[in-house]
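Worksheet: one structure, shown below.
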Amino acid sequence: GFDSKDNRNVLALISKKDVAKPSNPSSSAPSSSQSVTHKLSLSPTSVFKIGLISGALAGIVVDLILFPLDTLKTRLQAKGAKLTLDLFQGIYAGFAPAVVAP
């Protein structure tokens, strides 16, 4: 199981040149595909900030991709809509309030 200390740790892979050598010299050397992990201790505040920023960036990326698709869908569903280049004008209009709103 995990304890509260494990929740503050983040695993990081180190490069192949830093792979630890085996403790038994007669055993075979580690292959180039093996890696060693180390735990980096981060404070709960740092973990929270990383999660907060990551979540915000993920939300903005989703809005950047889906907002214009939803706008096109709405325009195409409007009564009497025709597939023309006019559908693409102002496709990001109203994007800023959508990003700011929770």
Side-chain angles (χ1 to χ4, degrees):
F2 293 102
D3 61 12
S4 62
K5 183 179 178 185
D6 289 330
N7 292 333
R8 294 187 305 253
N9 294 326
V10 177
L11 292 178
L13 295 175
I14 55 175
S15 66
K16 293 177 186 176
K17 67 180 179 180
D18 294 331
V19 172
K21 296 189 177 172
S23 58
N24 184 356
S26 64
S27 67
S28 62
S31 68
S32 61
S33 64
Q34 291 177 331
S35 63
V36 176
T37 58
H38 289 280
K39 291 183 179 182
L40 300 175
S41 182
L42 296 174
S43 70
T45 304
S46 296
V47 172
F48 174 76
K49 288 177 183 178
I50 291 170
L52 184 69
I53 292 169
S54 299
L57 289 176
I60 290 171
V61 169
V62 166
D63 281 343
L64 277 171
I65 295 169
L66 296 181
F67 189 86
L69 295 176
D70 188 50
T71 303
L72 283 176
K73 175 194 66 104
T74 303
R75 290 178 183 179
L76 287 171
Q77 289 176 338
K79 197 172 190 175
K82 296 178 184 176
L83 190 57
T84 64
L85 291 178
D86 291 338
L87 288 175
F88 296 98
Q89 289 181 349
I91 200 161
Y92 280 101
F95 176 73
V99 169
V100 175

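The structure presented is a predicted model; accordingly, all values stated were derived computationally and were not measured. Position 1 is the first residue of the sequence; numbering continues from there.
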Can you run down the side chain to side chain donor-acceptor pair (under 3.5 Å) pairs that involve residues 86-97, sequence neighbours left out, and say none if there aren't any? none
Going only through I, L, V, M, F, W and Y residues with side-chain contacts under 4.5 Å, is there a path from Phe67 to Leu64? yes
Smallest separation among heavy atoms of Pro97 and Gly94, with atom names: CD-O, 3.3 Å
Rounded to the nearest 0.5 Å, what separates atom CD1 in Ile60 from atom CD1 in Ile65? 12.5 Å
Minimum-distance pair of heavy atoms, taken over all atoms of Asp63 and Ala98: OD2-O, 3.7 Å
If you take all heavy atoms of Arg75 and Gly90, which pair is closest and at what distance? NH2-O, 3.2 Å
Should Leu66 and Leu57 be counted in the same cluster of Ile, Leu, Val, Met, Phe, Trp and Tyr side chains packed under 4.5 Å apart? no
Count I, L, V, M, F, W, Y as connected when their side-chain heavy atoms are under 4.5 Å apart, and connections chain through other members. Are Phe95 and Val62 then in the same cluster? no
Closest non-hydrogen atoms of Phe88 and Leu72, given as atom of the first, atom of the second and distance, are CE2-CD1, 3.6 Å
Please report the C-alpha distance between Leu69 and Lys73 in whole Å, then the side-chain angles of each, then the deciding distance to 0.1 Å, and finally whether the side chain to side chain contact (heavy atoms under 4.5 Å, CB included) criterion is met. CA-CA 6 Å; Leu69 295 176; Lys73 175 194 66 104; over 6 Å; no
Linking Ile, Leu, Val, Met, Phe, Trp and Tyr through side-chain heavy atoms less than 4.5 Å apart, which residues share a cluster with Phe48? Leu52
